[in-house]
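These numbers come from a predicted model, not from an experiment.
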Amino acid sequence: MRDEGIAWQELDGELVILDSQRSVYLTTNEAGAMLAKLLVEERSTDDLTSALVAAYGIDRSAARADVEAFVSQLETKRLLR
């Protein structure tokens, strides 16, 4: 995740990420909030997938698809470094 110009607010386990420089925001569910927090440091898709599997007990292919979709949203909104 980028750290410059980004503000976060956690509300009831969900996360709102605001890019104040571009007036872009993203809201996440609980799983997205966990992934966003992990992305403060560089993580691989496998790392993120394993974290979802461990936290929610979902199968690996579903977790990987969720990770790829979430990372794609972050990239589209230019929230990643």
Quiz prompt | Within-4.5 Å side-chain heavy-atom neighbours: E30 and E14 | solution = no
Practice problem: Please check if atom CZ in R2 has more than 12 non-hydrogen atoms from other residues, nucleotides or ligands closer than 6.0 Å. | Solution: yes
Quiz item: Applying the 4.5 Å side-chain criterion to the ILVMFWY set and letting contacts propagate, would M1 and L18 be lumped into a single cluster?
Solution: no
Quiz item: When clusters are formed by joining ILVMFWY residues with side-chain heavy atoms under 4.5 Å apart, either directly or through shared neighbours, do V16 and I6 land in the same one?
Solution: no
Quiz item: Tell me, do D47 and L38 make a side-chain contact under 4.5 Å, heavy atoms counted?
Solution: no
Quiz prompt | For the student: nearest non-hydrogen atoms of G13 and A33, plus distance | solution = O-CB, 3.6 Å
Quiz prompt | Under-4.0 Å salt bridge between E4 and R81 | solution = no
Quiz item: Do Q9 and L15 have side-chain heavy atoms sitting under 4.5 Å apart?
Solution: no
Practice problem: Group every Ile, Leu, Val, Met, Phe, Trp and Tyr by side-chain heavy-atom contacts under 4.5 Å, then state whether L48 and M34 land in the same group. | Solution: yes
Practice problem: Please report the C-alpha distance between L80 and V71 in whole Å, then the side-chain angles of each, then the deciding distance to 0.1 Å, and finally whether the side-chain contact (heavy atoms from CB on, under 4.5 Å) criterion is met. | Solution: CA-CA 8 Å; L80 292 178; V71 169; 3.9 Å; yes
Quiz item: Is any side-chain heavy atom of R60 less than 4.5 Å from a side-chain heavy atom of T49?
Solution: yes
Self-check item: Side chain proximity check, L79 to Q73, heavy atoms < 4.5 angstrom
Solution: no
Quiz item: If you round to the nearest 0.5 Å, how far is NZ of K77 from CG of D19?
Solution: 10.0 Å
Quiz item: With side chains defined as the heavy atoms from C-beta onward, is the minimum distance between E10 and K37 less than 4.5 Å?
Solution: yes
Quiz item: Tell me, do L26 and F70 make a side-chain contact under 4.5 Å, heavy atoms counted?
Solution: yes
Quiz item: Just wondering, are more than 12 heavy atoms of other shown residues or ligands nearer than 6.0 Å to OH in Y56?
Solution: yes
Quiz item: For S44 and D46, does a side-chain donor sit closer than 3.5 Å to a side-chain acceptor?
Solution: no
Practice problem: Work out which heavy atom in L52 is nearest to a heavy atom in I58; give both atom names and the distance. | Solution: O-CG1, 4.2 Å
Practice problem: Report yes or no: does R78 contribute a side-chain atom to a donor-acceptor pair with the main-chain N or O of V24 at less than 3.5 Å? | Solution: no
Quiz item: Any link between V40 and Y25 through a network of hydrophobic side chains (Ile, Leu, Val, Met, Phe, Trp, Tyr) touching at under 4.5 Å?
Solution: no
